[in-house]
Every structure is written in C-alpha cells, then in structure tokens.
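Structure first, then comments.
Note that the numbering runs from 1 along the sequence shown for the chain. Counting starts at 1 for both ligands and their atoms, in listed order. Since we're looking at a predicted model, the values are computed, not measured.
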Amino acid sequence: MDGLNDLRGGWLERIAEAADEAALEELRVAALGKKGEISLKMRELGRMTPEERQVAGPALNALKDEVNSALAAKKAALGDAALEARLRGEWLDVTLPGRHRRVGTIHPVSQVMEEVTAIFADMGFAVAEGPQIETDWYNFDALNIPGHHPARAEMDTFYTHRAPGDNRPPHVLRTHTSPVQIRHMEAHGAPVRVIAPGRVYRADYDQTHTPMFHQVEGLAIDRDISMANLKWVLEEFFTAYFGTSVKTRFRASHFPFTEPSAEVDIQCSWEGGTVKVGEGDDWLEVLGSGMVHPHVLRSAGVDPDEWQGFAFGMGIDRIAMLKYGIPDLRAFFDSDLRWLRHYGFAALEVPAVHSGV
Ligand code: PHE
C-alpha cells in the first residue's frame, strides 16, 4: 500500500503536464486501460487475503476515481485553452470603418438615351430598332441617297471587307439611324410614331466628332402631319430635356431623304472649359430634320399620296454634352474611370418625365 501514494503522485503529475488531448488519452490507456498500471493493480486484489483486500480495495478504487476525475478536469481545461487561443486568433474590431466598395455609374450617353426615351414616350412615341451593320440599300438607296452623293464617299463610311472575288455589295456600318425609318415602315406600315436610338459610325475625329457616336431618329407619319408638328414636338422635347426653354435656330438645309429640310442648332457658350447651354453666341448643331421625301415613303412601301410626315435625327452625345457641360466628346469613349465617376449617374436615378429628367 505504500507504493500507492507514489503511484498516485506520478499519475496526477503526468496528467497535469499533458500537452494536448492525444497525450491525455495515452495516459488514460496507460493507467486505466485493460493493461493499464492501475488496472493491473486491481487485478492483484484477487490474490490477497480478505483482510488485505479490505484495505487495498477501497484505496485502489479511490485512486481510480481520482485519476479518472483528474483526466476529465484536464480534458476540460485543454478544451478551454484551445477555445481561448482561437478566440484570440480570430479577434475582430467591429468598430473599424467598413471596407469601401466602388459602385459603377451609368454612362451619360445611357442616361440621356433613357431621358430622351422617357420624354418621347410621353408624347406617344414607341421605340424602334435596327442593325448597326446595314446594307447599302437601307443606309443609302432607300433613303434617296444616290450613288454619287458625298455621304457615300469612302472617307465618311466604314465598309465591311469582302474576300477577293466576292462581288456581293459590301455592308456598311450604318452612318445614321435613318435606315430604321425604312425598316420600321416596311414592317408596320403607316401611321407611325417612333423614335430609334442607337449607335452610328463615321470616319471623323475631333473635339465634337468620334468615329462611333449616338443618334436618335424620330419618325411620325399620318395623313396630315406637317412641319408645324415637327417644330412643336422638337420645342416640347428641348424644354422637357433642358428643364427650361432654350434658344433654338432652325436653318433651311438639304437632306436627300427629306423635303423640305431643316437643321436645328442650340445656343451655347464654350467659356472656361465647359459648354453651357442657353447663353453665349455660339451654336451647336444637334439635329437634322424635315418632311419625309415621297421617294423614301415609296421605298418603304408606304403610299405618298395617302401618307406624309416628318423625320429627324438628333445627336445624343451632343445634347448630353450640352446638358451636362461636357466639353470634349472624345472623353465619352475613353473609359477613363475618373471621368466616368465624375460624369456618371447613380443606377437608381431612372429618368421619368413626371419627376423632371
Ligand atoms: N440622318 C441625318 C444625319 O445623320 C439626320 C436626319 C434624319 C435628317 C432625319 C433629316 C431627317 O445627319
């Protein structure tokens, strides 16, 4: 029985020093497992005299219980320490400022397209669309633009490439949205009240011209539509678009697909690196317009003896520059993030006529 005290001290010390749960399990097996030191001692009880057993039995049982609870206590302590360490490692300062996420913006061209669409929708115009790669027929011939017209010259128009020996007429990148007039009348006949916003292409590059730009076509065909309706619609549009009536200048002009024709300029100034609408003594041309030529109606299968109407083609980028004071058109398409953040719009600012565009 003297050895029992040493045995107890030895096991309790080793348990206290166990580094982790695996070491602890090894100790349990070595002490209390089938061939553990304490278990073997208990097996010796059988060979003792009843008197010896009466003393040794309770002592061994007490030792076994004590070692068992020491193992359990150490196991709990190791678990606590592990949790403690993990909490320390995953420490988080919830008072730190949040990480800033950059939010994208709506490009001024997209914004203005939405504004234009909202205003014309309010006047009863639907939206029509056509392809950006057009045939000569829709882009030119059907619009009464003859083969020798300067607009067809190689330097203005982008032609698609054909393999040598392929003699089919080439396609063009549409130079204006006017081919949508033909496509729409062909498909739906008269009467018509549509706008057609979209991309157009011309070989041209300076402060107010880029090889790709945006137009919105307007087309209204009925039995008695006149230039007066055109003028009213455009003035109504500009007033809604700029939020105030701005000075416009209607100049007599010529387009092969309208007769008579007029171009419209808007009063502006270019001082101090920004363009301002409604002041100064400069004018920026923003659209071409006129009464649809009878040849054009006929090309689209509409009888000019029964129907007539107006058409216009407006530069979307131009009116975006004017409204938002953007002096250089080329910057629109540079994809410079600083520019986009400065001139861009929040995604939720959806334009609507009732709230003012
Ligand atoms: N298509 C012409 C242009 O791009 C604009 C226009 C459209 C003129 C409709 C008259 C009628 O310059």
Side-chain angles (χ1 to χ4, degrees), residues 113 116 120 125 127-132 134-146 149-153 155-158 172-185 190 192-204 208-222 225-234 237-238 248-266 283-300 302 304 307-319 329:
M113 285 220 205
V116 168
F120 280 106
F125 285 77
V127 172
E129 281 183 312
Q132 292 175 40
E134 267 296 7
T135 60
D136 260 8
W137 166 256
Y138 283 108
N139 196 76
F140 295 125
D141 302 81
L143 289 161
N144 196 36
I145 304 174
H149 194 277
R152 285 179 91 136
M155 55 172 287
D156 284 327
T157 309
F158 291 112
V172 299
L173 297 187
R174 68 179 182 194
T175 58
H176 51 181
T177 42
S178 299
V180 185
Q181 289 186 33
I182 308 293
R183 288 182 176 276
H184 186 83
M185 286 190 284
V192 176
R193 215 190 299 175
V194 292
I195 57 166
R199 295 184 169 182
V200 299
Y201 302 84
R202 281 180 214 175
D204 215 349
T208 51
H209 296 88
T210 50
M212 186 281 299
F213 60 105
H214 299 83
Q215 286 189 334
V216 56
E217 194 80 6
L219 178 67
I221 304 289
D222 213 317
I225 289 190
S226 73
M227 273 311 255
N229 299 122
L230 168 69
K231 190 150 192 266
W232 182 87
V233 163
L234 290 177
F237 168 77
F238 288 127
T248 51
R249 190 168 73 171
F250 285 73
R251 279 180 290 110
S253 183
H254 172 78
F255 297 102
F257 33 92
T258 47
E259 182 58 38
S261 304
E263 280 176 301
V264 179
D265 307 332
I266 284 181
W283 297 90
L284 190 67
E285 185 195 322
V286 294
L287 69 85
S289 64
M291 296 300 291
V292 179
H293 197 288
H295 287 176
V296 173
L297 294 173
R298 213 172 283 117
S299 294
V302 169
W307 305 98
Q308 62 180 39
F310 65 75
F312 62 83
M314 181 159 49
I316 288 181
D317 320 82
R318 296 286 183 87
I319 63 169
L329 177 62

message = What I'd like to find out is whether the side chain of Val180 reaches to under 4.5 Å of the side chain of Glu217, using heavy atoms alone.
response = no
ask   = Any idea how His295 and His293 line up, ring-wise: parallel (<30°), tilted (30 to 60°), or perpendicular (>60°)?
value = tilted
request  = Report yes or no: is the cationic atom of Arg174 (NZ for Lys, CZ for Arg) under 6.0 Å from the centre of the six-membered ring of Tyr138, at an angle within 45° of the ring normal?
outcome  = no
task = May I ask you to test the Pro179-Leu143 pair for a side-chain heavy-atom distance under 4.5 Å?
result = yes
inquiry  = Measuring from atom CG of Leu287 to atom CG of Asp265, what distance do you get when rounded to the nearest 0.5 angstrom?
reply    = 8.5 Å
Pairs under 3.5 Å, nitrogen or oxygen of ligand 1 with protein nitrogen or oxygen:
residue: ligand 1; atom: 1 (N); partner: His176; partner atom: ND1; Å: 2.9
residue: ligand 1; atom: 1 (N); partner: Ser178; partner atom: OG; Å: 3.0
residue: ligand 1; atom: 4 (O); partner: Arg202; partner atom: NH2; Å: 2.8
residue: ligand 1; atom: 4 (O); partner: Gln215; partner atom: NE2; Å: 3.0

inquiry  = So that I know where these two stand, are His176 and Phe255 an aromatic pair - ring centroids less than 6.0 Å apart?
reply    = no
